[in-house]
Amino acid sequence: MKLQIEKWERWFLYATTVMLVAFLVAIFASIGEAGIHLPTDEDQVDPNLLEFSAYESNPAPFNELGSRPYTGTEDDIEWEVVLLARAWAFTDGEPVDAERGVPIITVPVDTPVEFVVTSVDTVHGILIAEVAVNAMVIPGQITKVVTEFDEPGEYAIICHEFCGLLHHNMYAIVEVVG
Amino acid sequence: MTATQQPATTDAVVVEQRRWLKWQLYLGFVGLFLGLLMGFLQAMDRTGIDLYDAFQLQTYYQGLTLHAVSLAFVLTFTFANSFLTLTVMRSLDRPMDYTWMIQGSTITAALGVVLAAAAILMNQASVLYTFYSPLQASSLFYLGAVLLVVSTWLVSLNQMLTVRTWRKEHPGERLPLLAFVSLVTFLMWDLASLGVAVEVVVFLLPWSLGITEGVDPLLNRTLFWFTGHPIVYFWLLPAYVSWYMMIPKQVGGKLFSDGVVRGVFILFLLLSTPVGLHHQFTDPGIDEGLKLLHGVFTFGVFFPSVITAFTLMAALEHGGRRAGGKGLLGWILKLPWGDPVVVAQLLAMIGFVLGGATGLLNASSTMNLLIHNTSFVPGHFHLTVGTAVALTIMGVAYWLVPYLTGKPLWGRRLGVLQAWLWLIGVMVFSRGQMAAGIEGQPRRLFTTASAYIDESWEVWNIVAGIGGMIMFVSGVLFFVVIGGTLLQKQRVTVEMPVSECIHDRTETPRWLDRAGLWFVVAVVLVLIAYLPVFITHNYEFNVLPFTLY
Ligand code: HEM
Ligand SMILES: [Cu+2]
Ligand SMILES: [Cu+2]
């Protein structure tokens with residue numbers, strides 16, 4: 001016995017199929033062509049070995065925090081920023097800006113930058129909305145995301161996962177210079 | 001109802017079972033009330049007014065935990081438990097096999113609510129409803145969560161045993177559609193709930209009791225989202241049961257085909273669970289390829305949703321035309337716009353269409369990078385769970401409370417107003433939340449106190465706040481209508497409406513009845529999607545607890 005689906009309902013389903021396929025193609029195209037990637041399985045790190053302030057004896061790469069020319073092996077990355085997160089601050093290893101009370105991290109414009117981040121305590125996140133940096137920072141896991149700033153200026157890196165009492169104050173500033 | 005005479009003892013059992021189910025429904029209303037009150041505080045926060053002190057709450061996040069737990073877990077679970085037990089009884093025209101399971105379900109749910117609420121109100125569980133480790137809540141909170149889930153399993157077991165008995169008593173007969181969809185909804189949930197059950201029972205509960213020291217936060221997230229996506233369908237399918245099985249009857253129309261409805265619920269059973277990684281697109285430590293596999297499966301769930309939209313539209317049109325509606329759209333005017341039961345649910349459907357469109361954005365992995373964890377996301381799901389589901393529950397309550405109490409509905413026009421206010425409120429609210437989210441405002445944000453509010457968010461937050469207050473007023477009206485109903489002195493007998501199909505179950509192929517077989521297929525799909533995730537996961541149980549709230 002056949003399922004009772006009338007003709008127009010069938011056509012509607014065909015149209016939906018076409019639409020969904022178009023969506024999927026668009027997604028894979030944006031991955032393949034534009035190189036927009038999701039975070040993937042990178043290395044792990046034992047959070048019990050991490051110090052937020054006296055970081056010099058941390059396991060690599062978190063023994064050398066901060067913003068500098070890329071030291072890794074990928075071809076298309078030129079700059080790197082290594083950060084630690086804890087409740088309720090990020091650190092790049094430098095003293096925080098006296099006026100703003102948060103780190104100000106300088107990176108060059110028009111340069112592919114990799115952010116490398118992990119957490120010393122609970123789950124945090126990094127969100128730089130203007131350049132589609134959006135990733136979770138999970139204790140035990142190393143988060144790596146690559147982006148490029150087209151415009152000089154100030155950008156906020158916001159912790160966008162609930163991390164306790166003062167979650168709404170946890171951010172840092174990226175200063176993009178030309 | 002059918003004219004068959006029930007022996008008196010059966011009647012007494014039915015009365016007793018309904019009484020427990022009524023109390024479980026009321027428990028859900030307690031959740032709704034608490035949740036809406038917290039929603040009001042959140043709406044005020046969007047406009048820059050901090051009322052948490054005045055309400056004796058320690059923090060915004062304590063309130064937000066209470067908001068989401070009350071609404072997303074308590075209201076929805078207890079409604080599903082109560083409603084989809086009553087539908088099985090009505091559909092099979094017999095009591096459930098085990099009264100003690102119904103009692104047990106209501107009692108475990110109530111106990112779970114008491115424990116979780118106590119922990120939250122003592123500010124010992126302000127971990128939000130996702131309770132990501134290594135933030136640690138009091139063990140009472142985890143215990144409460146377990147009990148709530150157990151209450152749903154008891155309902156499911158009772159359904160299965162009752163259906164089995166019915167099948168024995170009716171050899172060769174087809175399982176009626178209403179019982180089938182109720183059963184499949186819970187089968188879907190049985191499979192889906194395993195993730196969070198393992199997370200809480202194996203990892204979080206022993207850890208919060210000090211039996212184990214460390215946890216694996218990424219593993220816990222993966223287990224959480226194993227359940228966390230399909231839970232959306234556990235919220236939604238009871239609403240679908242009403243939309244498919246009752247609304248056509250209530251608007252004077254008929255469903256087109258029994259087989260299509262069965263097919264839709266089976267597709268949900270199959271496709272709801274093997275897609276959870278799409279909530280973890282932005283997580284480190286999970287392979288990008290596996291994320292994309294789940295991403296592709298996610299689009300599959302769009303099919304049953306589209307069929308639903310289509311089938312329901314056809315049933316509504318059928319009803320509107322039988323009532324004399326003419327022309328392309330004239331039938332819409334002939335729908336019963338004065339009946340709060342119908343109006344609330346028609347408007348809930350409108351909310352769902354808007355929510356479904358924005359949901360496709362969430363599911364696209366690359367779009368997801370723009371909006372993940374921004375206030376766009378709560379903007380989206382207040383249209384889906386916050387309206388499609390919550391407003392449907394309110395609409396159903398407008399006949400279900402009379403059905404369970406024998407008291408006629410009070411304040412029909414107020415009920416109609418309530419439904420419209422909710423839709424207007426949520427559209428304003430979601431517009432504000434989504435716009436601020438696209439401008440990069442994170443979700444879960446105590447805006448009044450935040451150190452980094454961007455100018456572009458401020459006006460949208462005020463919009464969201466105003467929308468939220470309209471929703472709150474609507475919620476208060478709901479309780480006025482229900483309160484007025486409970487005070488009624490008259491008595492009426494209300495029947496449960498059940499849609500008829502133009503092509504009924506005698507025309508449905510038998511393979512669509514095999515709920516158990518489909519369950520096995522669903523398990524296989526889950527294994528395909530999740531085995532690689534659990535095999536490649538790097539297990540480290542070394543992260544110590546934090547209570548930073
Ligand atoms: C008066 C009506 C309501 C108002 C004003 C309201 C307001 C809000 C706001 C402003 C947020 C976002 C908080 C943030 O991101 O910081 C939120 C979150 C949430 N709401 Fe509502 N809401 C209402 C009704 C509902 C309903 C009916 C449901 C579900 C049935 C619901 C479920 C949720 C959930 C699950 C969250 C997420 C909490 C989290 O992120 O941890 N809300 N609500
Ligand atoms: Cu944080
Ligand atoms: Cu945070």
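The sequence lines fix the lettering, A, B, ..., with proteins before strands; numbering per chain opens at 1. When reading the values below, keep in mind they use all heavy atoms of this one structure, side chains included, and skip hydrogens, waters and symmetry mates. Small disclaimer: the values here were computed from a predicted structure and weren't measured.
Within the model, atoms OG1 of B:Thr59 and CG of A:Leu166 stand 10.0 Å from one another, a figure rounded to the nearest 0.5 Å. Separating the CZ atom in B:Arg221 from the CD atom in A:Glu161 is a distance of 6.0 Å, to the nearest 0.5 Å. Atoms CG and CZ, from A:Asp121 and B:Phe546 in turn, are 4.5 Å apart once rounded to the nearest 0.5 Å. Once rounded to the nearest 0.5 Å, the distance linking CG of A:Asp46 with CD of B:Glu540 reads 7.0 Å. The structure places CG of B:Asp216 at 7.0 Å from CD of A:Gln141, a figure rounded to the nearest 0.5 Å. Atom OH of B:Tyr549 sits about 8.5 Å away from atom CZ of A:Phe162, to the nearest 0.5 Å.
Between the side chain of A:Asn48 and the backbone N or O of B:Asn542 there is at least one donor-acceptor pair closer than 3.5 Å.
A:Val120 touches chain B through its backbone: at least one of N, CA, C or O sits under 4.5 Å from a heavy atom, while the side chain does not. For chain B, the nearby part of A:Ala87 is the side chain; its heavy atoms alone come within less than 4.5 Å.
Within residues 53-67 of chain A, no residue has any heavy atom under 4.5 Å from a heavy atom of chain B. Close approach to chain B, defined as a heavy atom under 4.5 Å from one of its heavy atoms, is seen in A:Asn169, A:Met170, A:Tyr171 of residues 169-178 of chain A, taken by number.
Every residue two or more places apart in sequence or in another chain was checked for a salt bridge (Lys or Arg N to Asp or Glu O under 4.0 Å) with A:Glu51, and none qualifies. Annotation: salt bridge (Lys or Arg N to Asp or Glu O under 4.0 Å) contacts of B:Arg46 (sequence neighbours excluded): none.
Residue A:Trp88 comes nearest to B:Leu548 through the heavy atom pair CZ2-O, 3.3 Å, listed as atom of the first residue, atom of the second, then distance. Residues A:Ile138 and B:Pro217 share a closest heavy-atom pair of CG2-CB, 3.8 Å. Among all heavy-atom pairs drawn from A:Thr143 and B:Pro284, the shortest one is OG1-CG, 3.2 Å. A pairwise comparison of heavy atoms in B:Gly440 and A:Leu127 identifies O-CD2, 3.6 Å as the closest pair. Across all their heavy atoms, A:Met136 and B:Asp283 have their closest contact at CG-OD1, 3.0 Å. Nearest heavy-atom pair, A:Thr122 versus B:Leu135, reported as atom, atom and distance to 0.1 Å: OG1-CG, 3.5 Å.
A donor-acceptor contact under 3.5 angstrom links the side chains of B:Tyr61 and A:His168, judged on distance only.
Looking at heavy atoms from C-beta onward, A:His160 lies out of side-chain contact with B:Arg444 at the 4.5 angstrom threshold. At a threshold of 4.5 Å between non-hydrogen side-chain atoms, the residues A:Val123 and B:Ser133 do not count as touching.
Of the listed residues (B:Gly263, B:Pro442, B:Ser450), the one with the most heavy-atom contacts under 4.5 Å to chain A is B:Ser450. The greatest number of non-hydrogen atom pairs below 4.5 Å with chain A, out of B:Thr374, B:Leu445, B:Leu128, is found for B:Leu128.
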